[in-house]
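Below is one structure, written out as structure tokens, with a few remarks after it.
Quantities reported herein were computed from a predicted structural model and do not represent experimental measurements. Each chain gets a letter, A, B and so on, in the order its sequence line appears, and its residues count up from 1.
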Amino acid sequence: MNIIEASNLEYVYPDKTLGIKNFSLNIEESERVVLLGSNGCGKSTLLKLFAGLIKPMSGSIKIFEKDVIRENYLYFRKNIGFLFQNPDDFLFNPTVEDELLYTPMQLGFSEVEAKNLIAENANYFGIEKLYEKPPFRLSGGEKKRVALACVLQLNPKLLILDEPTSNIDGKTRNKIIEFLKEYKGTMILSTHEIDFVKKISNKVVLLSPDKEILKLGGIELLEDIEYLEAAEIL
Amino acid sequence: MKYEPIEALLKSASQYFEVFFIQENIKSPIRLVDTRIGLIGFLILVMLSISTFSPNKLFFILFNLFLLIILSKIPVYLYIKRVGLMPLFIFTIMLPQVFLSSLEYALLFTFRVFLAVSFLIVFTLTTPFKEILNTLRFYKIPEILVLTLSFTYSYTYLVFNELYRILVARESRRFNNKSYRKIWNEGGELLGMFFIKVYERGEDIHLARISRGYNHMAYQVKFEKFNLVPNLIFIFYIALITVGWVII
Ligand SMILES: Nc1ncnc2c1ncn2[C@@H]1O[C@H](COP(=O)(O)OP(=O)(O)OP(=O)(O)O)[C@@H](O)[C@H]1O
Ligand SMILES: [Mg+2]
């Protein structure tokens, strides 16, 4: 099954800034795709399009072979885990515990079920000590850990992570790598860390500073200095 | 630096409001009272506070407010922190009344509002916000109002948090003495930035909410186990105050 079918996507922000253009890509089940590119080349924009959170101005996109229309929202939300680049946008509940409970409760779990579910994950990321704290009083890395736990707890079929390892210490980073290696679903992420990509992915999308696809390939692409320089990563 | 006092004031104000609604997880006996009964009880107390100008009645209520704070084991500093400079603020608004009617009127009015708000603070300090929302739903308050309230709750934090961050960011990059004219212009820019940021961050957060399965139909009205004795005690206490208020 094709998880993402995108053809000729173009997205323009309300202030007329171009977000991404001419973007076509198919992503199949259990592929592990990484978006690489310089700052502002459209990675975050693309990921929001892939999650069905924004709609392209032109071109077409199908997620799980379904159109991005209201009727399919619930299906998308149940099956897509999305991590925002900025945890301050992602975390909006009064306490960390509420934060973790948010999605399960929205999806209709009972409070007991939800609490059991979150306990396991909180333990994994070492955040159970933070339960009572308001998220905005956490350190940058702690916020990221809480946000990650929120996304990963439901084991979604499609995992979309916008720079999951920025701001994070070595131990947590290794945990993320360990988790992602075991994860069986489809994964799309953006990052600026090339060695991290080598450990977890098998497909690389190189974006150019003009907000277009520069080159598509396997991880051998990461050895191609010429392309990396053209993408302004090196 | 000339403009520091104003900014410092703004900064502490934004920090104060940022956490205004945040639950502090108090283990209070009031938690044993069913929220549905609690809400009505506290509303009665609020009504009693604002429907009189008699100083005797108001002091009687004040006495009961203190009693309630002690009995419900709310840390006094927490209550004081929440009340903050509110009475002063109300009095400032009432200042014209000192000349239009009388000082006594302005003072009593401030006193009334202070009491009413205090009861609301005690209620919100001891009751999780989620349960307050559920209670409103239980009383068939239209969903749109309940939702508005719940958004206000999270956006209050958002707005003041943003203001605080802008102020701190500015401070960290400031190099000193500028003309008043510059300061004035900068202040205008600050305000503009602030509104744009709040608006756009609100949108981003809305996207995050959606990505995390936001579904307003999902809330279930569920309450904790009903304990008869604490509820009866609470009802009795409210009744006693009401009777006392009428007699005095
Ligand atoms: N809310 C917005 N309003 C207007 N323009 C925006 C907005 N968000 C992003 N852009 C613009 O869209 C383009 C793509 O931004 P995007 O956030 O997708 O980049 P990115 O590849 O994720 O960058 P980074 O590596 O810095 O995260 C940039 O030129 C940016 O300035
Ligand atoms: Mg980005």
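Heavy atoms of Asp98(A) lying under 4.5 Å from chain B belong exclusively to its side chain. In this structure, chain B has no heavy atom under 4.5 Å from any part of Lys78(A). Neither the backbone nor the side chain of Glu97(A) comes within contact range of chain B, judged by heavy atoms closer than 4.5 Å.
The distance from the CD1 atom of Ile210(B) to the CD1 atom of Ile54(A) is 11.5 Å, given to the nearest 0.5 Å. The OG atom of Ser211(B) lies 12.0 Å from the CG atom of Leu47(A); values are rounded to the nearest 0.5 Å.
Annotation for Met47(B): atom CE does not count as buried by contact number, only 12 or fewer foreign heavy atoms lying within 6.0 Å. Atom CD of Glu120(A) has 12 or fewer neighbouring heavy atoms from other residues, nucleotides or ligands inside a 6.0 Å radius. Heavy atoms of other residues, nucleotides or ligands lying less than 6.0 angstrom from NE2 of His206(B) number 12 at most.
Ile205(B) and Asp88(A) make their closest contact through CD1-O, 4.3 Å (heavy atoms, listed as atom of the first residue, atom of the second, distance).
Between chain B and the residues Phe76(A), Phe90(A), Tyr73(A), the most heavy-atom pairs under 4.5 angstrom are made by Phe90(A).
For the pair Arg212(B) and Phe84(A), the cation-pi criterion (under 6.0 Å, within 45° of the ring axis) is not fulfilled.
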